[in-house]
Visitor: 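This is the structure I have questions about; it appears just below.
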There are 2 protein chains.
Amino acid sequence: MPHCHTLIERLRQRGYRITPQREMVIETIAHSGRHMSAEEVYEEVHRRAPSTTLSTVYRTLDFLVSEGLACKNDLGGGHVVYATIRHGPHLHLHCRRCGRVYQVELAPLLEELGRQTQERYGFTADLQHLSISGLCADCRET
Amino acid sequence: MPHCHTLIERLRQRGYRITPQREMVIETIAHSGRHMSAEEVYEEVHRRAPSTTLSTVYRTLDFLVSEGLACKNDLGGGHVVYATIRHGPHLHLHCRRCGRVYQVELAPLLEELGRQTQERYGFTADLQHLSISGLCADCRET
DNA sequence: TTTACTGCAAATAATTTGCAAAACT
DNA sequence: AGTTTTGCAAATTATTTGCAGTAAA
């Protein structure tokens with residue numbers, strides 16, 4: 001997967017050290033193609049290199065976010081997930097029953113929302129990673 | 001203020017016991033007219049009746065939510081706030097710098113958003129208390 | 001009187017931090 | 001070599017819970 005190499009290269013260019021731990025964390029979330037909790041990333045990394053600790057995973061994830069290479073999404077209820085950035089602004093639909101996060105495209109509507117909060121209330125909304133809770137189709141039926 | 005009496009009456013009618021603690025918690029959030037954290041509610045109640053504990057405040061707030069008389073809003077980053085319900089669906093604009101929560105009216109847009117997530121992804125969004133983070137007008141300038 | 005509710009203190013859960021040792025570059 | 005990063009264990013923060021006592025109804 002080329003995506004993680006890009007990320008690693010970018011960090012190296014910025015003068016950061018690439019440790020095996022960082023590499024594994026990046027590979028893990030970049031590969032997954034979805035949103036993962038720190039714990040999930042830890043499980044994966046820890047399986048590959050058991051000496052890796054959870055605090056290192058937290059530090060690395062926060063580091064990636066601070067470098068603008070990943071996004072941290074707080075879904076509420078103590079459910080925090082991370083993902084590498086690779087797409088433009090999108091909407092996260094978070095199912096409150098099964099916990100899955102669906103990434104969908106509703107750019108025009110989001111842009112309109114941002115425009116209105118700006119014009120009417122002077123509020124600059126962070127809409128790059130807005131997440132909305134609700135019930136997904138699967139969970140609705142049952 | 002009549003609002004809290006309504007709430008108390010409703011609980012009494014449903015057969016719950018109205019303790020001084022519950023009364024004070026309800027008065028506090030109903031009076032404030034804004035969103036308060038459990039800690040803030042606790043400070044107020046505790047000043048009036050020092051024997052009241054934080055766990056009672058938590059229990060009472062969750063109780064009000066479960067009875068549908070208050071809403072709990074997780075703004076992310078460990079910032080959880082409560083407010084009595086008295087208005088229809090609204091949008092919470094949460095300033096990530098100063099922490100203030102602005103309640104605004106953008107019903108048509110929200111409805112449109114709900115309609116689209118439903119039609120296109122079968123996702124039933126909880127839009128009664130959607131909160132969006134960003135920067136408010138005051139914090140933007142500085 | 002009955003049993004819902006409270007206070008207390010201890011348990012959780014998720015995340016953060018201090019510090020000395022390890023390891024990128 | 002020199003500084004960044006890690007591991008470990010302990011600290012934090014926000015919230016929850018068990019249990020025995022208190023008090024609404």
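Note: hydrogens, waters and symmetry copies are ignored here, and every other heavy atom, side chains too, is used. Owing to the predicted nature of the structure, the values given are computational and were not obtained by experimental measurement.
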Visitor: Strictly by ring-ring contact (aromatic ring centres under 6.0 Å, His included), give each pair with a member in residues 10-29 of chain B just once, sequence neighbours left out.
Guide: B:Y16-B:F63
Visitor: We want to know whether B:E9 and B:Q13 form a side-chain donor-acceptor pair, criterion being a heavy-atom distance below 3.5 angstrom.
Guide: no
Visitor: Give the nucleotide from the list D:dC8, D:dT5, D:dT16 with an atom nearest to the side chain of A:R22.
Guide: D:dT5
Visitor: I want to verify a distance call: between D:dT4, C:dG7, D:dA25, whose nearest atom is closest to the B:R17 side chain?
Guide: D:dA25
Visitor: When you measure only distances, ignoring hydrogens and angles, does the side chain of B:R59 come within 3.5 Å of the base of C:dT6 through a donor and an acceptor?
Guide: no
Visitor: Does OP1 or OP2 of C:dC24 have a side-chain N or O of A:Q21 closer than 4.0 Å?
Guide: no
Visitor: With a 4.0 Å heavy-atom cut-off, tell me which residues in residues 38-54 of chain B come close to DNA chain C, sorted by residue number.
Guide: B:S51, B:T52, B:T53
Visitor: B:S55 side chain: which of C:dC8, C:dT15, C:dT6 is closest?
Guide: C:dC8
Visitor: Does OP1 or OP2 of D:dT16 have a side-chain N or O of B:Y58 closer than 4.0 Å?
Guide: no
Visitor: Within the 4.0 Å heavy-atom criterion, would you say B:D74 contacts the bases, only the backbone, or no part of the nucleic acid?
Guide: nothing
Visitor: Quick check: A:H35 with A:H94 (ring centres under 6.0 Å apart)?
Guide: no
Visitor: Can you figure out which of C:dG7, D:dA14, C:dC5 approaches the side chain of B:T19 most closely?
Guide: C:dC5
